[in-house]
2 protein chains.
Amino acid sequence: MATIYQVAERAGVSLSTVSRVLNGRKTVNPLLREKVEKAVQELNYRPSSVARSLANSRTDSIGVLVAELHTPFFGEMMQAIEMTLRAQDKHVIISVGHNDLAKELDAVEFLISRNCDALILHSEAMSDQDLVALQSRLPVSIINRHVKELDEACFCLDNESGGYSATRHLIEQGHKDIAYISGPGNKADAMLRLAGHKRALQEAGIPFSPESLYEGRFKEEDGINGLKALLAKDIKFSALVCANDWMASGAMSCARDMGLQLPEDLSIVGFDDVVIAHHVYPKLTTVSNPIYEMGEMAAKHILNKVYGQKHQLQHLYDAEMVLRDSVLSASPD
Amino acid sequence: MATIYQVAERAGVSLSTVSRVLNGRKTVNPLLREKVEKAVQELNYRPSSVARSLANSRTDSIGVLVAELHTPFFGEMMQAIEMTLRAQDKHVIISVGHNDLAKELDAVEFLISRNCDALILHSEAMSDQDLVALQSRLPVSIINRHVKELDEACFCLDNESGGYSATRHLIEQGHKDIAYISGPGNKADAMLRLAGHKRALQEAGIPFSPESLYEGRFKEEDGINGLKALLAKDIKFSALVCANDWMASGAMSCARDMGLQLPEDLSIVGFDDVVIAHHVYPKLTTVSNPIYEMGEMAAKHILNKVYGQKHQLQHLYDAEMVLRDSVLSASPD
DNA sequence: GTTTTTATGGAAAGCGCTTTCTAAATCTGA
DNA sequence: TCAGATTTAGAAAGCGCTTTCCATAAAAAC
């Protein structure tokens with residue numbers, strides 16, 4: 001591999017001149033510039049990004065922390081990040097945290113030890129304080145979580161309004177008795193979605209009953225257990241909203257196992273519009289989660305912050321209804 | 001950030017000694033070693049991976065090329081790769097090729113310009129020659145594709161035997177009239193799966209009829225169009241095998257749209273055991289694709305080749321039946 | 001007790017680039 | 001025409017490590 005010295009020699013100029021040409025500095029004689037470019041061509045010279053990083057203490061690499069990768073949600077996020085970053089010649093180093101505090105911290109340290117210029121995080125285990133502390137070490141973007149002190153760096157879905165839309169949609173279809181399977185009480189997004197649900201009920205003058213609420217942990221089996229528990233109670237409901245699609249899918253299998261016809265006997269709406277939403281039967285009506293855009297914005301935020309670019313940023317994202325086949329209009333009784 | 005100089009100074013030893021301690025060389029006095037370790041602790045020193053890379057021309061980074069990321073298949077592969085590599089303190093740089101030759105080549109050059117020590121590829125667009133040429137530039141692992149000249153570096157599913165198993169399973173359940181929706185004719189894996197199907201038929205003395213074959217391109221809509229086309233023909237079949245789960249899912253919705261009961265009127269088997277297989281209705285009987293293991297092995301191959309480790313390698317993977325609810329025993333007519 | 005080995009630590013030369021500083025060359029204006 | 005301002009190019013000093021080579025001290029051999 002040719003080095004910058006050889007280019008300089010071949011072009012009959014000094015190191016510095018080659019470097020200037022390579023970095024597009026204006027102050028170089030067009031004649032020399034041409035010579036250098038010719039030499040670069042002839043030697044098929046490619047600057048060493050490592051040497052460059054050492055010299056200017058920038059690696060052009062961005063670390064991304066995700067909870068896991070085998071899930072389409074994160075895949076989409078990663079793809080958005082990779083595409084927008086590579087277009088600017090930056091590269092992304094991935095690291096998975098498995099939703100575990102120790103592992104997440106470990107992953108972050110790993111990324112930092114790799115001299116990343118910045119980090120993009122989708123963390124559930126780290127505390128707000130951890131994130132604030134991190135931000136003081138290097139620039140970060142935070143996806144799908146709002147940290148007050150890090151307002152600028154956060155890119156979130158409007159979970160409350162999403163939750164609102166979901167049950168609002170059901171109400172508009174004539175449903176009055178609506179059960180809810182929520183995510184864990186310690187997760188902000190889960191609680192916001194639930195809050196939206198309550199607001200929609202209230203607005204329609206329907207009292208919220210804790211009886212018709214089941215708290216799950218966002219897993220498929222929580223959908224199964226949740227619906228089972230709900231059905232066992234002495235309550236009636238013609239519709240169910242699940243705080244994510246996985247639980248909705250679980251609820252669907254459970255419903256069928258219990259002999260219910262879908263969507264005739266029970267309307268279901270999910271949340272996130274993950275790939276499976278389109279493949280379950282009946283196809284799931286759900287709430288979109290524009291993770292692709294969020295990933296893109298998180299990347300652009302880094303581009304602005306670290307590399308002096310000027311992209312327009314959007315921090316809060318609307319959750320929109322994706323209408324499919326799992327909701328039926330309630331027949332007036 | 002502390003440098004190695006400061007550690008040396010604080011420990012009262014030379015640079016070289018610190019470096020030796022850091023790299024676990026044996027030839028260093030335990031007393032000094034201890035001093036150095038103490039200094040490292042106190043200064044919270046972390047070696048700069050960039051400087052290290054420049055000095056020993058290894059970056060400890062492995063580039064991974066995938067067709068796309070938003071699909072669970074690649075996600076699982078990535079996760080396997082990341083986990084096994086990070087355990088050895090290597091990091092992975094991702095790059096997506098979008099199944100397009102120019103983009104794949106571009107992505108590869110990008111990765112190389114990043115001074116990756118090696119590459120792991122899941123490429124469909126590049127030619128065998130491209131791959132061979134690449135191998136001569138730096139070590140590679142190839143997932144899900146067999147290149148004769150690169151035998152050592154390939155980690156593949158036994159597609160033929162998978163195709164065989166799928167059809168064989170149907171035959172064992174009493175099916176005789178089995179339609180097949182295949183992947184594109186120019187893809188080796190698609191053709192191998194089909195070959196397995198034919199072998200199973202032949203073994204059972206069932207003649208293969210081109211009439212009952214539809215060639216798709218591995219997309220959901222191909223499943224829809226495929227089944228539609230098959231049903232329109234003047235043939236009977238009680239079972240259908242689809243060369244991947246996406247087409248199987250498509251075929252399922254199509255079947256239902258055409259008023260067929262699943263699995264009573266039509267048994268379906270898929271291929272790959274992608275997440276959705278578990279969420280469609282009825283749950284899809286399919287053929288496993290141990291992509292996780294393959295990713296792990298591809299990573300270990302690099303570990304062996306570049307970093308002198310000695311992992312046991314497996315190159316060919318069995319495809320196993322995953323029995324769920326989409327296949328019914330055929331009633332003998 | 002002297003010579004030969006062996007173990008161990010330090011000095012210094014890179015690795016391939018960026019960037020500051022200086023010097024030479026060119027240009028300005030009176 | 002000349003002092004001063006302005007360009008432009010080169011020399012050299014890092015960036016933070018690894019590693020070779022050499023020197024010294026300790027151990028072994030005679």
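Note that these values count all heavy atoms, side chains included, but never hydrogens, waters or copies made by symmetry. Letters A, B, ... mirror the listed sequences (proteins, then strands); counts begin at 1.
Using bins of under 30°, 30° to 60° and over 60° for the plane-to-plane angle, the ring pair A:F110/B:H91 lands in the perpendicular bin. Ring planes of B:F73 and B:H122: perpendicular class, angle over 60° (limits at 30 and 60°).
For the pair A:K187 and A:F218, the cation-pi criterion (under 6.0 Å, within 45° of the ring axis) is not fulfilled.
Side-chain atoms of B:R20 come within donor-acceptor range of the base of C:dG10, with a qualifying N/O pair under 3.5 Å.
Comparing C:dG10, C:dT18, D:dC17 by their closest approach to the side chain of A:A55 singles out C:dT18. Nearest nucleotide to the side chain of B:R52, out of D:dC17, C:dG9, C:dT18: D:dC17.
With hydrogens and angles ignored, the 3.5 Å screen pairs a side-chain donor or acceptor of A:S127 with a backbone N or O of A:D130. Distance alone, capped at 3.5 Å, places no donor-acceptor pair between the A:E76 side chain and the A:M78 backbone.
At the heavy-atom level, A:L32 lies under 4.0 Å from the strands shown only through sugar-phosphate atoms. Within 4.0 Å (heavy atoms only), A:S57 reaches no atom of the nucleic acid at all. Residue contacts for A:V28: at a heavy-atom cut-off of 4.0 Å it reaches the sugar-phosphate backbone alone, with no base atom in range. As judged by a 4.0 angstrom heavy-atom cut-off over every strand, B:S48 is placed among residues touching the sugar-phosphate backbone only.
For the pair B:K26 and B:Y5, both in contact range of DNA chain C, the more 5′-proximal nearest nucleotide belongs to B:K26. Along DNA chain D, the nucleotide nearest to A:G12 and the one nearest to B:N23 differ in position, and the one closer to the 5' end is contacted by A:G12.
Residue A:R25 places at least one side-chain N or O closer than 4.0 Å to OP1 or OP2 of C:dT19. The phosphate of C:dG10 (OP1 or OP2) has a side-chain N or O of B:T17 nearer than 4.0 angstrom. Dashed line: the shortest gap from a side-chain N or O of A:S16 to OP1 or OP2 of D:dA9 is not under 4.0 Å.
In the helix from C:dG1-D:dC30 to C:dA30-D:dT1, the end axes, each obtained as the rotation axis mapping the C1' atoms of four pairs onto the next four within a five-pair block, lie 40° apart to the nearest 10 degrees.
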